[in-house]
Amino acid sequence: MITRPRAGAGFSRRQFVTGLTGLGLAACTKLQPDTPLSATTDASAIPPAAASRYALTIDTCPWTIGRKTGRGFTVNGSVPAPTLRWREGDDMVLDVINRLDAPTSIHWHGIRLPADMDGVPGVSFAGVPAKGSFTYRFPVRQSGTYWYHSHSGMQEAQGLFGALVIDPKGAPLRHPDRDYVMVLSDWSDVAPHDIISNLKQQDDYYNFRQRTVASLFHEARESGLGSAINNRLMWSRMRMSATDISDVSGVIYTYLINGQSPDANWTGVFTPGERIRLRVINASAMTLFDFRIPGLSFDVIAADGQAVEPVRVEEFRIAPAETYDVIVQPTDGRAWTIFAQSEDRTGFARGTLAPQKGMAGPVPPMDPRPVRSMVDMGMGRMSGMSGMSGMSGMSGMSGMSGMSGMSGMSGMSGMSGMTSPQTAPSTPETPSVATPTLVVDDPGSPPKNVENQNVATNPVDRLAEPGDGLEQNGRKVLSYAMLRALRPAPDLRPPSREIILHLTGNMMRYIWGFDARKFSEAGPIHLALNERVRITLINDTMMEHPIHLHGFWSELENGQGDLRPNKHTIISQPGSKLSYLVTADTPGMWALHCHLIYHMHLGMFRTVVVS
């Protein structure tokens, strides 16, 4: 248990931690004797050649960031774990040796493989026992950028994660001149179980940035004093905070790139004019990052390991467990700052692209913090609008003119045709076979109870919105509606069943779940082998949830017709409704959960049985 810092002390503590040189990897880089030569201890370095066999030894060592030291979980002496390079078509053999006094595991995130190789203890296998070992064996059937991490206890939150780079079987689609892995993470010297304990006792333990009298006057100037006061009273009656963006903030987290703090300034070297591929992986426990390189635009060429039609943007939001590959081409021989600010604007990760080591570009100020709106509460774009115009940072409100009477917009997949320049045009889906009768598994609106604080009365499609705090910021920001696959999905059958899941929670008691039931109270979801299913997520909470379905591709229905992008992790925005298609082509028991690690451990977890 830690002592709660006084209000207003958050930034000074974060600046104290991030303002000191981060040692990161340096504390744990001594390799174990049985480390194969194909492994690397630099999290950003991709091995020169792919290997089909690895020996991975899991242990712990002190992990120092600045003057704060915690216990880090290591793989082959490295924290974060070394980048592994595989090759599509190979049969992988990975020997995991556990030197811990407790069980461990490795989950190969986003990799299609047999269920007993997926690495989730209690679901698909028994785990790697203390002082024991386990050998993973599976064929590699895909290529791209992925990552691996522990699924045991809170080991992932303490550094047990690393990058995966998988070479395609044939020639790669693009040949960059440089190729760097960028693993984003959050780190605290406070043990994860203590963080959960603090949140259970007080839900805003790490959130001190409440609205004040000063901000009330600002809102009053924008919308009138009566409207501003009514808005404050509305949130008060709901016993919620409009500034509740992240459960755990920069008051306790230091944000890292490849295990290095902002002051350590991870640097990727380039020659002006080179095309640089950045493989951006969010391996954080609880933080959504907004990633940009001020002054440069870049092409997003892959999402969650799967190639997409290049989309040129200046910024994107990346949730825990997501990956994006981008191509950037600096023409000036100067230092360019890589800037990844947390969604709640309480801190940032920072690195540099430069012609040589030791250079540093200017660090931009963080954007204004987002403020939640009634849209985030699931009240729709036209509901509860009185007094809302003064809420700075309110997202999802662009393109409102002429929308009177359109409160039931939840079925508008992709929001194509809207006036926002960030919205991609939709392509009509080409019917390939006769449409079967759709059976809908709908539990109905979840009850308000001790496990559920809110019900979204009018959830809307937000796939064309980049996320709270990113709209109208003067930059072109990626949205899910802009992602378009290079080729149609292999299974063009329409779904025969729709499963509707409500994402629910009680922030005050810090309980999370699906359909107002935590994991211990919910049974498995059963799918027939090769069944084609639509999964619809309705977010009844006022927070983003990155939802990860193990074992299958999730074909996001984002208005791109048969060119739906394949993803393994999907951000469900507050107050939203979205759908994705799944072909249940691999038997076994699989996990479905939120990838905010404390939400998962506090109940937002289900099993999916395919038989």
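Because the structure is predicted, anything quoted here is derived from the model rather than measured. We number each residue from 1, following the sequence as shown.
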Expected output: side-chain Gln341 to main-chain Phe348 donor-acceptor under 3.5 Å: no
Sorted by chain and residue number, the salt bridge (charged side-chain N to carboxylate O under 4.0 Å, His left out) partners of Asp91 (sequence neighbours excluded) come out as none
Do side-chain atoms of Lys518 reach the backbone of Ile511 as a donor and acceptor pair under 3.5 angstrom? no
By salt bridge (charged side-chain N to carboxylate O under 4.0 Å, His left out), Arg312 pairs with (sequence neighbours left out) Asp299
Could you tell me if the side chain of Ile111 sits less than 4.5 Å from the side chain of Gln142, heavy atoms only? yes
Could you walk me through whether Ser261 and Asp263 pass side-chain hydrogen bond (donor to acceptor under 3.5 Å, both in side chains), step by step? CA-CA 5 Å; Ser261 71; Asp263 187 66; 5.6 Å; no
If we ignore hydrogens and angles and just use 3.5 Å, is the side chain of Arg372 paired with the main-chain N or O of Met542 as donor and acceptor? yes
When every non-hydrogen atom of Tyr206 is compared with those of Val251, the smallest separation belongs to O-CG1, 3.7 Å
If we ignore hydrogens and angles and just use 3.5 Å, is the side chain of Tyr580 paired with the main-chain N or O of Arg564 as donor and acceptor? no
Do the non-hydrogen side-chain atoms of Ile106 and Phe134 ever get within less than 4.5 Å of each other? no
How far does CD of Glu544 sit from OG of Ser246, to the nearest 0.5 angstrom? 8.0 Å
Please work out whether the ring planes of His548 and His595 are parallel, tilted or perpendicular, with thresholds of 30° and 60°. tilted
Between Glu322 and Ala319, which heavy-atom pair has the shortest distance, and what is it? OE1-N, 2.9 Å
Measure from the ring center of Phe291 to the ring center of Tyr324 and say whether it is less than 6.0 Å. no
Measure up the His109 and His107 rings against each other and bin them: parallel (under 30°), tilted (30 to 60°), perpendicular (over 60°). perpendicular
Would you say the rings of Tyr146 and Tyr148 are close, in the sense that their centroids are separated by under 6.0 Å? no
Going by the rule side-chain contact (heavy atoms from CB on, under 4.5 Å), which residues pair with Pro192 if we only count those two or more places apart in sequence or in a different chain? Met154, Ala157, Gln158, Tyr598
Would you kindly say whether Ser249 and Asp344 are connected by a side-chain donor-acceptor distance under 3.5 Å? no
Quick check: does any side chain N or O of Asp118 sit under 3.5 Å from a backbone N or O of Ser124, one acting as donor and the other as acceptor? no
Do Asp95 and Val93 have side chains that get closer than 4.5 Å, going by heavy atoms? yes
Pair Ser78, Asn76: side-chain N/O donor-acceptor within cut-off below 3.5 Å: no
Given side chains that start at C-beta, do those of Pro546 and Leu596 come closer than 4.5 Å, heavy atoms only? yes
How many angstroms lie between atom CD1 of Ile547 and atom CG of Leu578, to the nearest 0.5 angstrom? 9.0 Å
Decide yes or no for Phe73 and Thr60: does some side-chain heavy atom of the first lie under 4.5 Å from some side-chain heavy atom of the second? yes
Residues forming a side-chain contact (heavy atoms from CB on, under 4.5 Å) with Val311, sequence neighbours excluded: Val313, Leu478, Met482
Quick check against the 3.5 Å criterion: does Asn558 have a side-chain atom that pairs as donor or acceptor with the backbone of Pro565? no
Contacts of Met507 meeting side-chain contact (heavy atoms from CB on, under 4.5 Å) (sequence neighbours excluded), chain-then-number -> Asp203, Asp244, Asp247, Gln453, Tyr510, Trp512, Met543
Those residues that, when tested against Ala115, pass side-chain contact (heavy atoms from CB on, under 4.5 Å) (two or more places apart): Trp590
Apply side-chain hydrogen bond (donor to acceptor under 3.5 Å, both in side chains) to Gln155 and list each qualifying residue two or more places apart in sequence or on a separate chain. Thr104, Ser150
For residues His568 and Trp553, determine if any side-chain heavy atom of one lies less than 4.5 Å from a side-chain heavy atom of the other. yes
With rounding to the nearest 0.5 Å, note down the distance linking OG in Ser133 to CZ in Arg99. 11.5 Å
Between Ser342 and Gly347 (side chain of the first, backbone of the second, donor and acceptor by atom type, cut-off under 3.5 Å), is there such a pair? yes
Can you pull the salt bridge (charged side-chain N to carboxylate O under 4.0 Å, His left out) pairs that have at least one residue in residues 285-294, sequence neighbours excluded? Asp290-Arg317, Asp290-Arg345, Arg292-Glu315, Arg292-Asp367
Considering only heavy atoms from C-beta outward, does the side chain of Ile245 approach that of Asp468 to under 4.5 Å? no
Apply salt bridge (charged side-chain N to carboxylate O under 4.0 Å, His left out) to Glu274 and list each qualifying residue two or more places apart in sequence or on a separate chain. Arg178
Heavy atoms only: give me the nearest Thr352-Ala335 pair and the separation to one decimal. CG2-CB, 3.8 Å
Centroid-to-centroid, Trp86 to Phe138, below 6.0 Å? yes
Set of residues satisfying side-chain hydrogen bond (donor to acceptor under 3.5 Å, both in side chains) with respect to Thr607, sequence neighbours excluded: none
Which pair of heavy atoms, one from Leu353 and one from Ile276, lies closest together, and at what distance? CD1-CD1, 4.2 Å
Please test Met600 against Ile597 for side chain to side chain contact (heavy atoms under 4.5 Å, CB included), starting from the C-alpha separation and ending with a verdict. CA-CA 5 Å; Met600 178 184 72; Ile597 192 169; 4.3 Å; yes
Should Glu88 and Arg112 count as an ion pair when the cut-off is N to O under 4.0 Å? no
Spell out, as yes or no, whether a donor-acceptor pair under 3.5 Å connects the side chain of Asn98 to the backbone of Val128. yes
Quick one: CZ on Phe298 to CD on Glu314, what's the gap to the nearest 0.5 Å? 8.0 Å
Should Met366 and Phe339 count as side-chain neighbours, where that means a heavy-atom distance under 4.5 Å? yes
Ser105 side chain to Pro103 backbone, donor-acceptor under 3.5 Å: no
Stepwise side chain to side chain contact (heavy atoms under 4.5 Å, CB included) check, Trp108 with Met92: CA-CA 12 Å; Trp108 313 100; Met92 294 304 305; over 6 Å; no
Could you list the residues that satisfy side-chain hydrogen bond (donor to acceptor under 3.5 Å, both in side chains) with Thr323, not counting sequence neighbours? none
Return yes if some donor-acceptor pair links the side-chain N/O of Asp186 with the main-chain N/O of Ala285 below 3.5 Å, else return no. yes
Can you list the residues that meet the salt bridge (charged side-chain N to carboxylate O under 4.0 Å, His left out) rule with Asp325, with sequence neighbours excluded? Arg277, Arg279
I want to know whether His593 and His550 have ring centres closer than 6.0 Å. yes
Rounded to the nearest 0.5 Å, the CZ atom of Phe552 sits from the CG atom of Asn566 at a distance of 13.5 Å
Work out which heavy atom in Phe161 is nearest to a heavy atom in Ser185; give both atom names and the distance. CZ-CB, 3.6 Å
Could you pull out the closest heavy-atom pair between Ala354 and Met359, with the gap in Å? CB-CB, 3.8 Å
